[in-house]
Amino acid sequence: MLEDTFSELEQVRLKKLRALESAGIDPYPTRAGQTHTSQEAIDAFVKAESQPDASPIRVTAAGRIRSLRPMGKLTFAHIQDRDGKLQLFFRVNDLGEEKMAELSAYYDLGDFIQASGTLFRTKRGEVSLQVEDFKMLAKALRPLPAAKDEVVDGEIVRHAVLSDPETRYRQRYVDLAVNPDVQEIFKIRSATVRALQKFLDDHDFIEVETPILQPIYGGAAAQPFVTHHNQLHQELYLRISFELYLKRLLVGGLERVYEIGRDFRNEGVSYKHNPEFTQLEFYWAYADYLMVMDFTEQMVAFAAEKVLGTTMVNFNGHQINLAPPWQRVDLRQAILEAVDIDIELNPTAESLQAALESRQIKHKPGMTRGKLIDALIGEFLEPNYIQPTFLCNYPRDISPLAKSIPGNPSVVERFEGFVGGMELCNAFTELNNPLDQEQRFIEMGRAYADDDEEQHPMDDDFVNALSYGMPPAGGFGIGVDRLVMLFTGRRSIREVILFPHLRSQDDEDQG
RNA sequence: GGCCCUCUAGCUCAACUGGCAGAGCAGUUGACUCUUAAUCAAUUGGUUCGGAGUUCGAGUCUCCGGAGGGUCACCA
């Protein structure tokens, strides 16, 4: 029972709730009214002030009580609503003894209140609502974590802010209610998704939805979550990418498609990984990875400009400029410069391993050539790409869905975009030769034969789709959460996901 | 999964080499007709994450377990 979990402090509030009910006041009324938000009210008053003959502005405001300062026959309060705070001014002269008593007897910080009256400016100069009537909209039985703002030399100083990360993530509703900067993150997130959609829509892409429950997962190398359909007695996987379905749409003649949605990967959780995360993928017929590169710079810069009003962002202590053009680096060249190894001269895992050993670079035994190169990228290149950088031309054996560079079968037309030392996006010229694609699946199966977990399963229907003819195309995927991290300057992906994954918590019977 | 750190009142935090578990805010009661961390006076509130051990005595030391954070591994 909820009541059994109440602290002494909360029991007091429960008593007030009962008292309200006994007094015939509904603590959770069905209807509410709001003529102005706090900001709208203040704006309207300021505008009227400049007109000498303006009549008083009547306002009904609604919001959560964030501060209460009773001073005998006067009470000041601030309510918070979606765009700010408004001071309420309660005076016995306006309300009468009985209504004032109701205020002090039943109302607490955190309660939702509706108040009506006229706007005025206090002696200290704050636009406030002189309350003539008010009612309870929703009683809060638990107190919000105490936090107060103090203005020191014009700067807002916050005291006793809710900061415990576990509470903030598990009870995001509390975090949002008391930390305005957290609300701001998610407003930016929403605006970011909207901006990406607008950019793509403006370029004639259509947004589609493809299956999350898939009989065969693919499009990336990751462990899937497995589930089961009871009636069909069928094993299903939560998608790890959208790629193979979106490319089927290219076969069908939808030449420009994109999807924004959730991917699920059954892997480690970290400051930049959440088991479910938001991805944007698009596929663009008759384009190639070079065109996609230009397009990517424009899209990200467009979103930044639209959402933040600038392409400059602060991330992890760095000033980053997202404006095009982004630095473009050839993978072979970059590795050559970083560790003095020419991967072109080391076409096998064995020779590359030998080269690594000769330079005392640690690596795990038994890795494929592609995985060794990928490890080099992660260790020596990725952390250094603070300003936006496209790393181009990847080895074929770690890119089973990408098309080779003409005349260079071991290298594919693929790039990854890095910003802030973090991989942001991944794109390539799409492989559309069904026979080659089938061969790649077979090779991938063989490459990971010792390591079943990572096997890239053959998707016969996808290969079959390609055999009907898929136009040449460029494809692209970007981690939307990571983009929002950049836009909001947050180092942890958990800060930009409303309900990040945490281990479930048993209230009792632990251990 | 390995290693390191953290967990004390509703929130933010104290508590020396092991020695009566505290403060501010919020809460309660009272005063107060222009406050804004309101102020003033009084006051309530604790399974110190859970369990076991060492000890005359454990928030503090040891062990087991839990959760969170960091880091490494993993993640084409």
Response to the item:
Sorted by chain and residue number, the side chain to side chain donor-acceptor pair (under 3.5 Å) partners of Tyr271(A) (sequence neighbours excluded) come out as none
Worksheet item: If we ignore angles and hydrogens, is there a donor and acceptor under 3.5 Å between the side chains of Tyr394(A) and Glu416(A)?
Response: yes
Discussion item. In this structure, how many angstroms lie between the C1' atom of rA76(B) and the CD atom of Gln223(A), rounded?
Written reply: 13 Å
Item to complete: Taking side-chain contact (heavy atoms from CB on, under 4.5 Å) as the test, write out the residues that go with Leu290(A), two or more places apart.
Response: Asp288(A), Met293(A)
Worksheet item: Which part of the nucleic acid, if any, lies within contact of Ser270(A), taking any heavy atom under 4.0 Å across all strands shown: a base, the sugar-phosphate backbone alone, or nothing?
Response: nothing
Worksheet item: Can you tell which of rG68(B), rA76(B), rU71(B) lies closest to the side chain of Ile398(A)?
Response: rA76(B)
Discussion item. In whole Å, measure the gap between the P atoms of rC13(B) and rC7(B) for me.
Written reply: 10 Å
Item to complete: Could you label the plane-to-plane angle of the Phe134(A) and Phe90(A) rings as parallel, tilted or perpendicular, counting under 30° as parallel and over 60° as perpendicular?
Response: perpendicular
Item to complete: Quote, to the nearest angstrom, the C1' distance that separates rA9(B) from rG46(B).
Response: 6 Å
Discussion item. Would the base of rU33(B) count as contacting Asn93(A) through its side chain, where contact means a donor and an acceptor less than 3.5 Å apart?
Written reply: yes
Worksheet item: Considering only the P atoms, how many Å lie between rG69(B) and rC56(B), rounded to the nearest integer?
Response: 40 Å
Worksheet item: Given the C1' atoms of rG10(B) and rG51(B), what is the spacing between them in whole Å?
Response: 26 Å
Worksheet entry | Residue met sooner reading RNA chain B from 5', once Pro145(A) and Lys73(A) are mapped to nucleotides | Pro145(A)
Discussion item. Rounded to whole Å, how long is the line connecting atom CZ of Arg66(A) with atom C1' of rC25(B)?
Written reply: 13 Å
Fill in: Glu166(A) CD - rG70(B) P separation (whole Å)
13 Å
Discussion item. Just to be sure I understand the rule, does Tyr169(A) reach a base, reach only the sugar-phosphate, or reach nothing, if contact means heavy atoms closer than 4.0 Å?
Written reply: sugar-phosphate
Worksheet item: Excluding sequence neighbours, so at least two apart, what forms side chain to side chain donor-acceptor pair (under 3.5 Å) with Arg168(A)?
Response: Asp175(A), Glu495(A)
Worksheet item: For Gln279(A) and Ser241(A), does a side-chain donor sit closer than 3.5 Å to a side-chain acceptor?
Response: no
Item to complete: Would you classify Pro395(A) as touching base, sugar-phosphate or nothing, given that sugar-phosphate means primed atoms plus P, OP1 and OP2, and contacts are heavy atoms under 4.0 Å?
Response: nothing
Worksheet, complete the sentence: Residues at least two apart in sequence or cross-chain that pass side chain to side chain donor-acceptor pair (under 3.5 Å) with His78(A), listed by chain then number, are Ser67(A), Arg69(A), Glu126(A)
Worksheet entry | Parallel, tilted or perpendicular, as decided by the 30° and 60° cut-offs, for the rings of Tyr385(A) and Phe418(A) | tilted
Discussion item. Counting primed atoms plus P, OP1 and OP2 as sugar-phosphate and everything else as base, spell out the protein contacts along nucleotides 35-44 of chain B at 4.0 Å heavy-atom distance: B, S or - for each nucleotide, 5' to 3'.
Written reply: BBBB-----S
Worksheet item: Is Leu144(A) touching bases, backbone alone, or none of the nucleic acid, heavy atoms closer than 4.0 Å?
Response: nothing
Response to the item:
Whole-Å distance, Leu9(A) CG to rG10(B) C1', equals 6 Å
Worksheet, complete the sentence: For RNA chain B, consecutive-pair runs of 3 or more (Watson-Crick or G-U wobble, both H-bond-type distances under 3.5 Å) give B:1-7 with B:66-72, B:10-13 with B:22-25, B:27-31 with B:39-43, B:49-53 with B:61-65
Discussion item. Please report the distance, rounded to the nearest Å, between CG in Asn393(A) and P in rA76(B).
Written reply: 20 Å
Discussion item. Tell me every residue that passes side-chain contact (heavy atoms from CB on, under 4.5 Å) with Val269(A), counting only those two or more places apart in sequence or in another chain.
Written reply: Pro275(A), Arg494(A)
Worksheet item: Under 4.0 Å between a side-chain N or O of Arg491(A) and OP1 or OP2 of rU71(B)?
Response: no
Discussion item. Among residues at least two apart in sequence or on other chains, which ones pass ring pair (Phe, Tyr, Trp, His ring centres under 6.0 Å) with Tyr237(A)?
Written reply: Tyr217(A)
Worksheet item: To the nearest Å, how far apart are Glu423(A) CD and rA76(B) P?
Response: 8 Å
Item to complete: Could you encode protein contacts along nucleotides 1-7 of chain B as a string, one character per nucleotide from 5' to 3', using B for base contact, S for sugar-phosphate-only contact and - for no contact, with a heavy-atom cut-off of under 4.0 Å?
Response: -------
Worksheet item: If we take the P atom in both rC40(B) and rG57(B), what is their distance in whole Å?
Response: 44 Å
Practice prompt. Would you please name every residue forming a side-chain contact (heavy atoms from CB on, under 4.5 Å) with Lys73(A), sequence neighbours left out?
Written response: Val92(A)
Practice prompt. Would you classify Val92(A) as touching base, sugar-phosphate or nothing, given that sugar-phosphate means primed atoms plus P, OP1 and OP2, and contacts are heavy atoms under 4.0 Å?
Written response: base
Worksheet item: With distance as the sole criterion, is a donor-acceptor pair present between the side chains of Asn179(A) and Gln183(A) under 3.5 Å?
Response: no
Discussion item. Roughly how many Å apart are rC11(B) and rU48(B), using the P atom of each and rounding to a whole number?
Written reply: 15 Å
Worksheet item: Roughly how many Å is it from OH in Tyr217(A) to P in rA76(B), rounded to a whole number?
Response: 12 Å
Item to complete: Could you measure between the two P atoms, the one in rU55(B) and the one in rU62(B), and give it in whole Å?
Response: 16 Å
Item to complete: Can you sort out which residues in residues 11-21 of chain A have a heavy atom within less than 4.0 Å of RNA chain B? Ascending by number, please.
Response: Val12(A), Lys16(A)
Discussion item. Heavy atoms from C-beta onward define the side chain here; which of rC75(B), rU71(B), rC34(B) lies closest to that of Phe120(A)?
Written reply: rC34(B)
Item to complete: Please work out if Pro165(A) contacts a base, only the sugar-phosphate, or nothing of the nucleic acid, heavy-atom cut-off 4.0 Å.
Response: sugar-phosphate
Worksheet item: Does a donor on one side chain and an acceptor on the other come within less than 3.5 Å for Asp83(A) and Thr37(A)?
Response: yes
Item to complete: Go through the structure and list residues passing side chain to side chain donor-acceptor pair (under 3.5 Å) with Glu132(A), not counting sequence neighbours.
Response: Arg58(A)
Fill in: Pairwise P distance, rA31(B) and rG18(B) [rounded to whole Å]
50 Å
Response to the item:
Between NZ of Lys272(A) and C1' of rG70(B) the distance, given in whole Å, is 15 Å
Worksheet item: Do Asp81(A) and Ser38(A) get their side chains close enough for a donor-acceptor pair, meaning under 3.5 Å?
Response: yes
Item to complete: Could you check which of rU33(B), rU28(B), rG10(B) has an atom nearest any side-chain atom of Asp108(A)?
Response: rU28(B)
Item to complete: Describe, in one word, how the ring planes of Phe476(A) and Phe415(A) are oriented to each other, choosing from parallel (under 30°), tilted (30 to 60°) and perpendicular (over 60°).
Response: tilted
Fill in: Between Glu281(A) and Tyr283(A): side-chain donor-acceptor atoms closer than 3.5 Å
yes
Discussion item. Heavy atoms only, 4.0 Å cut-off, all strands: where does Ile373(A) land among base, sugar-phosphate and nothing?
Written reply: nothing
